Amino acid sequence: MTSRAEQPAPDYVPGHGLLAGRTVVVTAAAGAGIGAAVARKVLEEGAKAVVLGDTHERRLAEATDALGAEFGAERVTSVRCDVTKEEDVQALLDAAEPFGGVEVMINNAGLGGTASVLDMTDEQWSLVLDVTLTGTFRCVRAASRRMIAHGTRGVIVNNASVIGWRAQEGQAHYAAAKAGVMALTRSAAMDVAEHGIRVNAVSPSLAMHPFLAKVTSDELLAELKGREAFGRAAEPWEIANVMVFLASDYSSYLTGEVVSVSSQHA
């Protein structure tokens with residue numbers, strides 16, 4: 001495969017009020033990746049409130065304080081949430097109730113890892129599936145039930161991955177989980193359509209952030225960037241922009257879809 005020359009990232013796109021007055025819940029929202037980017041973006045787009053969930057308490061507190069200082073503390077709250085635990089998912093959604101209940105659910109939590117299927121243990125397989133696929137299912141189910149109870153024509157946006165479509169060695173568990181998120185998205189959308197709830201997903205490839213740079217070799221990053229049409233990784237906010245589009249009324253007739261935010265979708 002030919003490696004493409006890296007093109008510069010575009011300028012950051014400011015908000016346009018696409019989520020004005022809405023209450024948004026985001027999982028895996030601390031740190032510097034896609035979850036943090038979408039939490040910021042929904043506030044820029046006028047969300048009434050955002051509820052952040054994450055397992056890392058220190059980073060979660062830092063993200064809450066930083067966003068509260070910038071956008072108003074009354075618009076930002078957070079709950080430690082492990083999506084493998086039903087009680088944590090319920091507590092996260094409880095935190096949205098003072099703001100009128102969840103209207104937009106962004107399911108970003110996922111767990112990766114690298115292991116050949118020849119060496120992968122049951123524990124490695126089960127953990128990645130439980131966080132990435134079953135955790136997304138728990139959040140879809142819980143958010144849908146809340147929306148229906150409130151009579152809310154809400155939106156759910158899941159984070160899948162192009163690896164759910166294409167093969168990559170050492171990624172059998174993660175690929176299976178992300179392919180499952182895609183299938184879950186399509187079927188769940190049909191289950192809740194009668195209630196006016198939409199369910200879609202984004203499918204990114206490589207979104208650059210400090211943690212990824214720390215745990216990935218320069219050689220592998222260069223190879224992955226070279227596969228992309230623009231010869232670079234996506235900025236996390238570029239993925240967040242697509243999530244905001246899917247959460248907004250601009251995609252009012254779109255449900256059960258997986259939108260690739262990469263040229264690596266086949």
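Here the structure is a predicted model, which means the values were calculated and not measured.
Taking OG of S252 as the reference point, atom CZ of R198 lies at 6.5 Å (rounded to 0.5 Å). We find the CG-CG distance between L246 and L18 to be 11.5 Å, quoted to the nearest 0.5 Å. Remark: Y174 OH to I163 CD1 distance equals 7.0 Å, nearest 0.5 Å.
No side-chain heavy atom of L184 sits under 4.5 Å from any side-chain heavy atom of R186. Within the 4.5 Å cutoff, the side chain of V202 has heavy atoms near those of the I239 side chain. You'll find the side chain of T55 stays beyond 4.5 Å of the side chain of C81, heavy atoms only. For the pair W237 and N241, the minimum side-chain heavy-atom distance is below 4.5 Å. Put simply, the side chain of S205 reaches to within 4.5 Å of the side chain of E228, judged on heavy atoms. The shortest side-chain heavy-atom distance between L19 and S248 falls under the 4.5 Å cut-off. Residues V76 and V50 form a side-chain contact, since some pair of their non-hydrogen atoms from C-beta on lies under 4.5 Å apart.
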I'd like to know whether R138 forms a side-chain contact (heavy atoms from CB on, under 4.5 Å) with D130, so could you lay out the CA-CA distance, the side-chain angles of the two residues, the decisive distance to 0.1 Å, and finally the verdict. CA-CA 10 Å; R138 290 186 186 98; D130 196 15; 3.0 Å; yes
Dump the intermediate steps for side-chain contact (heavy atoms from CB on, under 4.5 Å) on M147 and H195, then the final yes or no. CA-CA 9 Å; M147 290 172 183; H195 302 284; over 6 Å; no
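In terms of heavy-atom proximity, G112 sits nearest to V128 at O-CG2, 3.8 Å. Between T23 and G101, the shortest heavy-atom distance links the atoms CB-O, 3.4 Å.
Crowding of E87 atom CD: a count of heavy atoms from other residues, nucleotides or ligands under 6.0 Å exceeding 12.
A salt bridge between R22 and E45 is absent, with no side-chain N of the basic residue lying under 4.0 Å from a carboxylate O of the acidic one. Here K41 pairs with E44 in a salt bridge; the nearest charged N to carboxylate O distance falls below 4.0 Å. At a threshold of 4.0 Å, the pair E62-R58 counts as salt-bridged, since one of the basic side-chain nitrogens sits closer than that to a carboxylate oxygen.
Cluster annotation: I34 and V244 are assigned to the same hydrophobic cluster (Ile/Leu/Val/Met/Phe/Trp/Tyr, side-chain heavy-atom contacts under 4.5 Å, transitive). Hydrophobic cluster membership differs between L43 and L92, with clusters built from Ile, Leu, Val, Met, Phe, Trp and Tyr side chains linked at under 4.5 angstrom. Transitive grouping of hydrophobic side chains (ILVMFWY, heavy atoms separated by less than 4.5 Å) keeps L129 and M182 in distinct clusters. A continuous path of ILVMFWY side-chain contacts below 4.5 Å connects I148 to V25, so both sit in one hydrophobic cluster.
Listed for the S78 side chain is no donor-acceptor partner under 3.5 Å among the backbone atoms of L52.
In summary, of the residues considered (V79, V83, T27, D82), a side chain to side chain contact (heavy atoms under 4.5 Å, CB included) with D88 occurs for D82 alone.
R75 is linked by a side chain to side chain donor-acceptor pair (under 3.5 Å) to nothing, counting only residues two or more places apart in sequence or in another chain. Every residue two or more places apart in sequence or in another chain was checked for a side chain to side chain donor-acceptor pair (under 3.5 Å) with H16, and none qualifies.
Residue pairs meeting the side chain to side chain donor-acceptor pair (under 3.5 Å) criterion with at least one partner in residues 89-98, sequence neighbours excluded, are E86-Q90, Q90-R146, D94-R146, E97-R146, E97-H150.
N107 and T136 are not linked by any side-chain donor-acceptor pair at a separation below 3.5 angstrom, with hydrogens and angles left out of the test. Between the side chains of T114 and Q171, at least one donor N or O sits under 3.5 Å from an acceptor N or O.
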